[in-house]
Amino acid sequence: MNETAKKLLVTGATELGLHLTSAQLGNFYTYASELTKWSKKINLTAIKTDEEIALKHFVDSLTLAKVVKNKGRLLDIGSGGGFPAIPLKIVLHDLHVMSVDAVEKKVIFQRHVARLLHLHDFEAVHVRGEELAKSHAGQFDWIVSRAFSDIPTFAAMTLPLLKSDGRLIAMKGRGGRDEAEAAKGALDDLGARIAELLEFRLPVSGDSRYLVVMEKVAD
Ligand SMILES: C[S@@+](CC[C@H](N)C(=O)[O-])C[C@H]1O[C@@H](n2cnc3c(N)ncnc32)[C@H](O)[C@@H]1O
């Protein structure tokens, strides 16, 4: 990562209230370097410059730390090159993370990064989200997704995997509020509701972001 990108990462994380240690920064630099290297061979991300990786991948993923606590089990559905799962795991080291994607080469990349960074309690799994209900019903405290699907599709797929007091979190851009509003009827039918809608600006760039936090409605 170039110096400008390193500064963006530190500034962005600080704005989120996260003070990255030198070990964590080292992990981000290694991750960025592997992402850049592997992206030349496989389709991992459209985001290519160091500055964009720092802000649009790393800092954006870290915004989840506004809601997710450093304990319990988290599932990231459709994590692609490891977002938001790996940045979050770097800063929330006690969180158990399962990161799944339907494309095997992306999962292989994530495992490679996890090995290099010595991430413990991190599992990258090649599976379609639809198939997890058989093996992982009711297991997760947090289930997150970014750039994966509309809110009702995400909720229908993942509610069976959530603990009764767990939270689903959909990461959304500019249209997040409208999307959340439009999903209310479908969520009601699924036995869920929006617990919290966090609206904020991505540090440094000022781009709009929403975290749509959902919970199960008690039976
Ligand atoms: C647009 S990418 C987003 C990747 C990552 N979350 C990010 O924000 O950079 C969507 C990812 O979802 C994966 N995907 C799509 N449908 C899926 C499914 N049913 N189960 C698991 N992964 C799926 C795709 O392979 C792709 O890697």
Side-chain angles (χ1 to χ4, degrees), residues 5 9 12 16 28 31-32 34-68 74-92 95 97-114 119 122-137 139-140 142-162 168-176 179 190 202 205 207-213:
L9 173 59
L16 293 169
F28 280 112
Y31 187 12
E34 294 302 309
L35 190 67
T36 306
K37 216 186 297 171
W38 282 55
S39 290
K40 292 186 179 126
K41 288 178 254 164
I42 66 170
N43 178 21
L44 278 176
T45 173
I47 291 173
K48 303 277 187 227
T49 70
D50 282 4
E51 291 85 350
E52 282 184 314
I53 290 172
L55 199 57
K56 295 190 178 169
H57 277 328
F58 293 166
V59 176
D60 192 33
S61 295
L62 293 179
T63 62
L64 271 181
K66 286 174 178 284
V67 179
V68 175
L74 176 137
L75 170 68
D76 182 2
I77 290 260
S79 49
F83 305 106
I86 294 179
L88 205 59
K89 177 66 190 171
I90 291 173
V91 299
L92 303 181
L95 197 63
V97 173
M98 181 167 162
S99 174
V100 313
D101 201 279
V103 176
E104 188 170 26
K105 60 192 177 179
K106 298 183 180 182
V107 172
I108 290 170
F109 169 73
Q110 291 191 40
R111 287 185 190 141
H112 166 73
V113 171
L119 300 181
F122 176 90
E123 197 186 0
V125 183
H126 174 220
V127 68
R128 293 193 67 80
E130 295 85 336
E131 289 164 28
L132 287 170
K134 287 178 280 186
S135 49
H136 290 77
Q139 290 195 2
F140 296 97
W142 319 97
I143 304 179
V144 302
S145 72
R146 188 182 80 157
F148 172 64
S149 72
D150 58 49
I151 292 171
T153 305
F154 170 56
M157 189 186 293
T158 55
L159 275 168
L161 312 174
L162 194 66
L168 303 181
I169 309 168
M171 303 177 73
K172 296 288 173 185
R174 204 164 356 121
E179 209 188 311
L190 290 166
L202 195 61
S205 74
D207 292 343
S208 267
R209 289 291 186 271
Y210 291 85
L211 295 179
V212 186
V213 185

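First listed ligand is number 1; within each ligand, the first listed atom is number 1.
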**Prompt:** CG of L159 to CG of L162: how many Å apart, nearest 0.5 Å?
**Reply:** 6.5 Å
**H126 NE2 to R111 CZ distance, which is reported to the nearest 0.5 Å** = 9.0 Å
Residue, atom name and distance, where the atom is the protein heavy atom closest to [atom]:
atom: atom 19 (N) of ligand 1; value: E130 OE1, 2.9 Å
atom: atom 27 (O) of ligand 1; value: D101 OD2, 2.7 Å
atom: atom 5 (C) of ligand 1; value: F83 O, 3.3 Å
atom: atom 20 (N) of ligand 1; value: G129 N, 2.9 Å

On the 0 to 90° scale, with breaks at 30° and 60°, tag the [X]-[Y] ring pair as parallel, tilted or perpendicular.
X: F109; Y: H112; value: tilted
X: F154; Y: F148; value: perpendicular
X: F83; Y: Y31; value: parallel

**Asked** Per the side-chain contact (heavy atoms from CB on, under 4.5 Å) rule, which among I77, L132, I169 passes with I143?
**Response** I77
**Complete:** side-chain contact (heavy atoms from CB on, under 4.5 Å) with P84: of D76, L74, V97, only one passes, and it is D76
Is there any N or O on [X] that sits under 3.5 Å from an N or O of ligand 1?
X: A102; value: yes
X: P84; value: no
X: F148; value: no
X: R146; value: yes

**Message:** Looking at ligand 1, would V127 count as a contact under a 4.0 Å heavy-atom criterion?
**Reply:** yes
**Message:** Would S79 count as a contact residue for ligand 1, given that I'm defining contact as a non-hydrogen atom of the residue lying under 4.0 Å from a ligand atom?
**Reply:** yes
**Message:** Could you report the tightest heavy-atom contact between L95 and K89, atom names first, then the distance?
**Reply:** O-NZ, 2.7 Å
**Closest contact, heavy atoms only, A5 versus A54** = O-CB, 3.4 Å
Only heavy atoms of [X], strictly under 4.0 Å: list the atoms of ligand 1 that pass.
X: K106; result: 26 (C), 27 (O)
X: V103; result: 25 (O)
X: G80; result: 4 (C), 27 (O)

**Asked** Which residue from A147, G78, A46 reaches closest to atom 4 (C) of ligand 1 through any of its heavy atoms?
**Response** G78
